[in-house]
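Working notes, beginning with the structure itself.
What you see below is based on every heavy atom in this structure, not just the backbone, and it leaves out hydrogens, waters and symmetry mates. Lettering follows sequence order; numbering is per chain, from 1. All values reported here derive from a predicted model rather than from experimental measurement.
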Number of protein chains: 2
Amino acid sequence: MEQSAGDLLRRTGLRSTAQRRAVLTALQGRPHATAADLEEHIAGAEGASGTLSRQGLYNVLDDLTRAHLIRCIEPAGSPARFELRVGDNHHHLVCRTCGRIEDVDCAVGAAPCLDPIQDKGFTVDEAEITWWGQCGPCRSRAAAQHS
Amino acid sequence: MEQSAGDLLRRTGLRSTAQRRAVLTALQGRPHATAADLEEHIAGAEGASGTLSRQGLYNVLDDLTRAHLIRCIEPAGSPARFELRVGDNHHHLVCRTCGRIEDVDCAVGAAPCLDPIQDKGFTVDEAEITWWGQCGPCRSRAAAQHS
DNA sequence: AGCTAGATTGGACTCAGTCAATTCTGGATA
DNA sequence: TATCCAGAATTGACTGAGTCCAATCTAGCT
C-alpha cells in the first residue's frame, strides 16, 4: 500500500515523499475527506511519519490534483473535499441536512447534460453535476419528530 | 422599479426595507454578483439610502434566498454569487481562466442528468450543473501568445 | 401616534486557505 | 556510498469570506 502509493507517485513524475504517501493512504477508504479530516488523520496515524504541516498538506493536495491522482470537489457551504476516483465522470449527491456525500455514476458523453445546449463560445472540458436533497436517515429522523 | 421591488417583498411576506429594495435593484442587470460587488454598488449608489452593513447584506441575501426571490450559486474557487433568475432550472458555464459565468438553459425534467441513475435513498430536490471550460476571449488571448 | 416583532448595525471573531522566506531531502550523478 | 541541488516541506504571518452576538432601530399593524 505504501509501496503502491510510492510507485504511483514516481510513475507520474512526482517525488515519493512520506507526506504525499500519507495523504494518498489516508484518502483510501476516506472518500470526500476535507483537508481538516486528512490533517487530523495523518497527525493521529501510528507508524513512522505522523506529521504534515498545514501548508504542506495544501501543497500536496494541489500537486496531486494537478497530477490527476486525486480530484477536488467543493459543494456549496462545505470546505473543499478530495477523492481518489478520477477520470470516471462520476457525480455527487449531497444531503442538505447532514452534508453526507455519495458518488453517482453518470453515463459518459451520452447524456444531454454533458453538452450544454448553448455553449456561448466556451470550450467545455468538464461537466460537474451536484444533486441536492435529503438522505434516507435524515428523512426518517425528520419524519419521526413530525412537528 | 423601486416600487415593484417593494411589492415583490410584501407579496412574499417580507418587510419592504430600503436595504432589501437596494439589493434587489442592484441585482437587476448584475447577474452573478458577489456580496462584495453588491456592497460596493450599494455604497456608491446615488439616491437616498446608500448604506448597508456587511452583516445586513448577508442577512438580506439569506432572507431573499429563503424566500426564493434570489438564488445563490458557489462555483469552486469563487465567493458566493447571487442572481434573480429562480425556478427556471438554468445552469452555469464557468471560464477557468477569467471566472466569467454564463447562464445556460437546460431541458426541465427530461434530461437524464436531472434524475441520478442511483439515488442512494436520497430525496432529490435540485440538480445543479456546472460546465467548466474556457470562454472565447480567453481562448483567443491564450492562442495569441502561442507560447 | 404608539407599539413591537422583525430588521439592521457594529465589531469581534472563526474558518479555510494563501504567501513568502527559510530549511530540508529524494533520488540523480559521480 | 557520498555529494549535490531542484523540488518539497516547514513556520508563521496574513487575507478573504462569512458568522456570532448584543444593542439599536423601524415597518407597518393597531
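Spacing between atom CG of A/Asn59 and atom P of C/dT23 amounts to 18 Å, rounded to whole angstrom units. One interatomic measurement links the two molecules: CG of A/Leu52 to C1' of C/dG17, which rounds to 15 Å at whole-angstrom precision. Spacing between atom CG of A/Leu9 and atom C1' of C/dG27 amounts to 14 Å, rounded to whole angstrom units. Atom CZ of A/Arg81 is separated from atom C1' of C/dC15 by 14 Å (rounded to the nearest Å). When rounded to the nearest whole Å, the span between CG of A/Asp63 and P of C/dT18 equals 13 Å. For B/Tyr58 and C/dT9, the OH to P distance is 15 Å, given to the nearest whole Å. Put simply, CD on B/Gln19 is 8 Å from C1' on C/dA7, counting in whole angstrom units. Here C/dG6 presents its P atom at 11 Å from CZ of B/Arg20, a figure rounded to the nearest Å.
Considering only residues two or more places apart in sequence or on other chains, A/Asp103 meets the side chain to side chain contact (heavy atoms under 4.5 Å, CB included) condition with A/His32, A/Glu83, A/Arg85, A/His90, A/His92. Annotation: side chain to side chain contact (heavy atoms under 4.5 Å, CB included) contacts of A/Glu39 (sequence neighbours excluded): A/Arg54, A/Leu57.
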Between B/Asp63 and B/Arg20, does a salt bridge (charged side-chain N to carboxylate O under 4.0 Å, His left out) hold up when you go through it step by step? CA-CA 9 Å; B/Asp63 293 343; B/Arg20 287 174 178 172; 2.8 Å; yes
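Nucleic acid contact class of A/Ser53 (heavy atoms, under 4.0 Å, all strands): base. Using a 4.0 Å heavy-atom cutoff across all strands shown, A/Ala80 reaches sugar-phosphate atoms only and no base atom. Residue contacts for A/Ser16: at a heavy-atom cut-off of 4.0 Å it reaches the sugar-phosphate backbone alone, with no base atom in range.
Looking at A/Thr34 and A/Arg81, their side chains never bring a donor and an acceptor atom within 3.5 Å of each other. A donor-acceptor contact closer than 3.5 angstrom is absent between the side chains of B/Glu126 and A/Trp131. At a cut-off of 3.5 Å, with distance as the only test, no side-chain donor of B/Thr65 or B/Arg71 sits close to an acceptor on the other residue.
The side chain to side chain contact (heavy atoms under 4.5 Å, CB included) test with B/Ile42 singles out one residue from B/Thr25, B/Val60, B/Leu52, B/Thr51, and that residue is B/Leu52.
Residue-to-nucleotide proximity on DNA chain C shows that, of B/Val60 and A/Gln55, the 5′-proximal contact is made by B/Val60. If you find the closest nucleotide of DNA chain D to B/Glu74 and to B/Leu14, the one lying nearer the 5' end belongs to B/Glu74.
Contact of B/Arg15 with C/dA5 (side chain to base): a donor-acceptor pair of N or O atoms is detected under 3.5 Å.
Along DNA chain D, the stretch of nucleotides lying under 4.0 Å from any heavy atom of chain B spans, 5' to 3', D/dA17 to D/dG28.
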